[in-house]
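Let me begin by presenting the structure, written as structure tokens, before commenting on it.
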Amino acid sequence: MKDIKHFINGEYVGSASGKTFDNVNPANGRVLSRVHEAGREEVNAAVNAARAAFNGPWGRMTVDQRTEILHKVADGINARFEEFLDAECQDTGKPRSLASHIDIPRGAANFKVFADLIKNVPAESFEMPTPDGTGALNYGIRRPKGVIGVISPWNLPLLLMTWKVGPALACGNTVVVKPSEETPTTTALLGEVMKAAGVPDGVYNVVHGFGGNSAGAFLTEHPDVDAFTFTGETGTGETIMKAAAKGVRQVSLELGGKNAGIVFADCDMDKAIEGTLRSVFANCGQVCLGTERVYVERSIFDEFVARLKAGAESLVIGPPDDETSNFGPLISLKHREKVLSYYQKAIDEGATVITGGGVPDMPAELAHGAWVQPTIWTGLKDDSPVVTEEIFGPCCHIRPFDSEAEAVQLANSLPYGLASAIWTENVTRAHRVAAQVEAGIVWVNSWFLRDLRTSFGGSKQSGIGREGGVHSLEFYTELKNICIKL
Ligand SMILES: O=C(O)C(=O)/C=C/C=C/O
């Protein structure tokens, strides 16, 4: 049984308490490894190592030296692609076809994108007149913030962790990462790649554990962490924000959503079905950007429902090592309980179950996995918890609408505002509706099409701040203005 240890100051170390917890493969319920649970002692050691590295070699490196190393980190991930792929698929149960196209490639690319960006981002300057006529020159310079606390989620473990660590390091910061207790392996493995790439000890540190009264809380309560970045549930985001407030630390939060898809009668139906299928069922519905509410113009409602049903029923449910499977399990039996509670609620409230609504029959070796059926409902009221609360599972509710104004009102009716997908071939309507939808990210005739230079993040209760491109640099640096009297 492999132990997964913390990575502190360039070394893998166990917990002084000896406390460990099991890392379980959600496809079959088997224990993959024992993970060390960090106490305050380990978190403190990690923060001190990050501080020392920040004040040491890493803080003194030039941008060119740092970016060269970050390219080597990306190359190191790609050189060990299969190891990262195996680890990610075992920790999450997700199909290899998904992780090999999204999770691992993006996990590496995030380092390259921000290494290149930091070398090419312009600084601002302003000339100003002065009463004595000689004038003055203002210019802005960016400096790293310091030690960044990174708390990363279990749905896209490597991708979402390096989406934060990449820009943080590119800007000259050092990090302490607390990966989800559900998916520790690729974050731990990255320590080896960092070391081999020449990242100085203490720049990248990993502590494992849970949230409350465990590594997550010890990290966010630690006074010597300069800022925190988190992707995950809104409630946890509030807890982190409260802890960060002590000592006035900045937070970057990408939180929950209950994203709306809006399908107009003038859409390209093939595109709308393909895109909606992916946005509802990809990663077993465990994508913050995914669609759980679909609003369809009444005249095409029946056809759309029938075609989405057919698409859902054509998904191949199976474990990652079955190359044909494109639909894996949920992350854990605990999360499945939550998702199934909404499946039950839908039935209790009289929903029409178009497809799914329960647990699929799985072969004996998978019977202990966190499997659920891809599910589609219609007929629920707009205020049903199934329609208003984030389920984070492979399910959606479809509702007809009769006007553009009604569709926009429905899409904007919740306190969330992360993402939305609009399907229409009318360009004017696309721009008009996209401008009105209250979301940080709006796709038109597409979903999860990602240019990493663009702003990425949620409005309302879906988050604070933006990641991506220069927006990440805004968070991971302190901008200073210098005014020179001429
Ligand atoms: O595509 C990205 O950069 C990203 O952050 C994806 C987030 C998905 C969250 O569940």
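First listed ligand is number 1; within each ligand, the first listed atom is number 1. Computed from a predicted structure; not experimentally measured.
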Of Asp103, Asp321, Asp322, Asp86, the residue whose pairing with Arg96 passes salt bridge (charged side-chain N to carboxylate O under 4.0 Å, His left out): Asp86
CD1 on Ile391 to SG on Cys396, rounded to 0.5 Å: 9.5 Å
Regarding ligand 1, does Arg106 bring an N or O atom to under 3.5 Å of one of the ligand's N or O atoms? yes
Side chain Asn173, main chain Lys145, donor-acceptor under 3.5 Å: yes
At a 4.0 Å threshold, what atoms of ligand 1 neighbour a non-hydrogen atom of Val287? 10 (O)
Which of the atoms in ligand 1, numbered in the order shown and given with their element, are less than 4.0 Å from a heavy-atom of Asn155? 9 (C), 10 (O)
Min N/O separation Gln286 to ligand 1 under 3.5 Å: no
Nearest non-hydrogen protein atom to atom 4 (C) of ligand 1, with distance, is Phe456 CZ, 3.5 Å
Are Arg336 and Trp371 in a cation-pi contact, defined as NZ or CZ under 6.0 Å from the six-membered ring centre and within 45° of the axis? no
Show me which atoms of ligand 1 lie under 4.0 Å from any heavy atom of Leu156. 8 (C)
Minimum non-hydrogen distance to atom 10 (O) of ligand 1, winning option of Gly457, Cys288, Pro153: Cys288
Mind telling me whether Tyr204 and Phe7 have parallel, tilted or perpendicular rings, with 30° and 60° as the class edges? tilted
Can you sort out which atoms of ligand 1 are near Arg450, meaning under 4.0 Å from one of its heavy atoms? 1 (O), 2 (C), 3 (O)
Value rounded to 0.5 Å, distance of NZ in Lys94 from CG in Asn155: 6.5 Å
